[in-house]
Amino acid sequence: MKILVIGAGNMGLTYAEGMSKSKLLKRRNIMVLDTSEEKLEALKKEAKFDTFKELADCVPQADIIFIAVKPYHAEGLMMKMEPLVNKGQIVISIMAGVTIKTIKNLTGLNKVVRAMPNLPAQIGKGLTSFVASEEVSRIELLTIESLLDTTGRSILVSDENFIDASTGISGSGPAYVFYFMQSMMEAALKMGFSKNVSKVLVSQTFTGAIELFNQNDLSPNSWMDKVASKGGTTRAALDSMDNNKVGELIKEAAFAAFERAIELGKEKSYV
């Protein structure tokens, strides 16, 4: 099996690196294509992958084509791919908002997987939601899941709408966590802690809370009840958040990302 990754950006290389460790692949069975001479030269020095600049030199060789470019490049790229593909190939796209129907129409391929990864994939802690067209077989789905799992965990969803929805939760979600962490660090600095101590206070608090959550079946609300006693410091903080409708604002933010993902799929640049 040979895999072609189109786009040597952060996520493209993250998946290339992850998949290169898969037991399903041999070391030189991953090809990477990019238009940047600088990136290609750097990759050649590392000698991890076969590198290409022209579609014609690598697309026909691939069994799976992994597209990791910005959505606004989708139409031009896939139209150039169309005369080079063969019907047995599988396309996996991580382009936000670009639908399976659009990918089928522009490439002429029927076996299409649409996936939504997130940033922690870069350290093997990612979450990738994915959905496949009906032409992708069960065995092929298992192979794809195994490849996606090399960067963390993957979840097969039943409907393409859940890809846009997962954009609002897991795809964009790490930024929400960083936003909260930044605010807590700024509060710690204002209280007089140094920058380094503020980072440790906040990062270890998040790490510990996540481990507690993952190792038990309690809901976040149940954990809050365990921490917050009536009239105490934690209850004062939670009451402040409730009074300022922080929870509602977070939900609105997630839906804003979800709605933007849907809008991206409708923009004329690649529909």
Side-chain angles (χ1 to χ4, degrees), residues 9-11 14-15 68 70-72 74 92-102 113-132 148-149 151-187 202-203 205-225 227-228 234 237-267 269-271:
N10 287 334
M11 292 312 298
T14 291
Y15 277 94
K70 298 296 184 184
Y72 55 82
I92 302 175
S93 165
I94 63 168
M95 297 181 289
V98 185
T99 65
I100 287 176
K101 180 180 178 181
T102 295
V113 174
R114 187 178 164 200
M116 175 47 58
N118 65 3
L119 192 62
Q122 294 183 3
I123 57 168
K125 296 288 185 179
L127 189 284
T128 302
S129 301
F130 70 103
V131 66
L148 295 177
D149 281 348
T151 60
R153 292 184 60 185
S154 62
I155 296 175
L156 175 63
V157 296
S158 59
D159 187 278
E160 192 169 0
N161 291 330
F162 286 117
I163 297 298
D164 291 327
S166 66
T167 301
I169 303 299
S170 59
S172 300
Y176 316 158
V177 176
F178 295 139
Y179 190 98
F180 206 98
M181 291 177 74
Q182 181 65 34
S183 298
M184 286 180 67
M185 285 178 65
E186 288 173 5
V202 173
S203 64
T205 298
F206 269 78
T207 300
I210 291 166
E211 284 300 314
L212 277 174
F213 179 71
N214 285 337
Q215 291 181 21
N216 293 271
D217 293 329
L218 293 177
S219 69
N221 280 332
S222 295
W223 279 114
M224 284 189 280
D225 288 340
V227 179
T234 306
L238 294 176
D239 286 346
S240 175
M241 291 184 200
D242 286 342
N243 291 337
N244 286 289
K245 301 186 184 302
V246 173
E248 291 302 314
L249 292 175
I250 291 171
K251 285 181 262 187
E252 286 180 18
F255 271 93
F258 171 38
E259 289 161 2
R260 180 55 182 152
I262 295 172
E263 288 172 2
L264 281 171
K266 295 177 180 178
E267 289 183 357
S269 60
Y270 53 82
V271 168

Using every non-hydrogen atom in the two residues, find where [X] and [Y] come nearest and quote the distance to one decimal.
{"X": "N216", "Y": "W223", "result": "ND2-CZ2, 3.7 Å"}
{"X": "Q122", "Y": "N10", "result": "NE2-CB, 3.5 Å"}
{"X": "Y176", "Y": "A254", "result": "OH-CA, 3.7 Å"}
{"X": "A121", "Y": "T14", "result": "O-CG2, 3.3 Å"}
{"X": "N118", "Y": "G126", "result": "OD1-CA, 3.3 Å"}
{"X": "A74", "Y": "M95", "result": "CB-SD, 3.7 Å"}

Between [atom1] of [X] and [atom2] of [Y], what distance do you get to the nearest 0.5 Å?
{"X": "L148", "Y": "L156", "atom1": "CG", "atom2": "CG", "value": "10.0 Å"}
{"X": "I169", "Y": "M116", "atom1": "CD1", "atom2": "CE", "value": "12.5 Å"}
{"X": "Q215", "Y": "I210", "atom1": "CD", "atom2": "CD1", "value": "12.0 Å"}
{"X": "I250", "Y": "E248", "atom1": "CD1", "atom2": "CD", "value": "10.0 Å"}
{"X": "L119", "Y": "L127", "atom1": "CG", "atom2": "CG", "value": "12.5 Å"}

Inset, instruction - Assess whether side-chain contact (heavy atoms from CB on, under 4.5 Å) is satisfied between F162 and I155, documenting all intermediate values. - result: CA-CA 11 Å; F162 286 117; I155 296 175; over 6 Å; no
Legend entry - Residues, nucleotides or ligands: over 12 heavy atoms within 6.0 Å of F206 CZ: yes
Legend entry - Trace of the side-chain contact (heavy atoms from CB on, under 4.5 Å) decision for R114 with D164: CA-CA 10 Å; R114 187 178 164 200; D164 291 327; 2.7 Å; yes
Legend entry - For I163, the option from T99, V131, I94, I100 that meets side-chain contact (heavy atoms from CB on, under 4.5 Å): V131
Legend entry - Whether S172 side chain and G168 backbone form a donor-acceptor pair below 3.5 Å: no
Legend entry - Exam field: side chain D159 to backbone N161, donor-acceptor pair closer than 3.5 Å: yes
Inset, instruction - Test side-chain contact (heavy atoms from CB on, under 4.5 Å) on I92 and Y15 and set out the steps. - result: CA-CA 11 Å; I92 302 175; Y15 277 94; over 6 Å; no
Inset, instruction - Would you please test V157 and F130 for side-chain contact (heavy atoms from CB on, under 4.5 Å) and show each step? - result: CA-CA 6 Å; V157 296; F130 70 103; over 6 Å; no
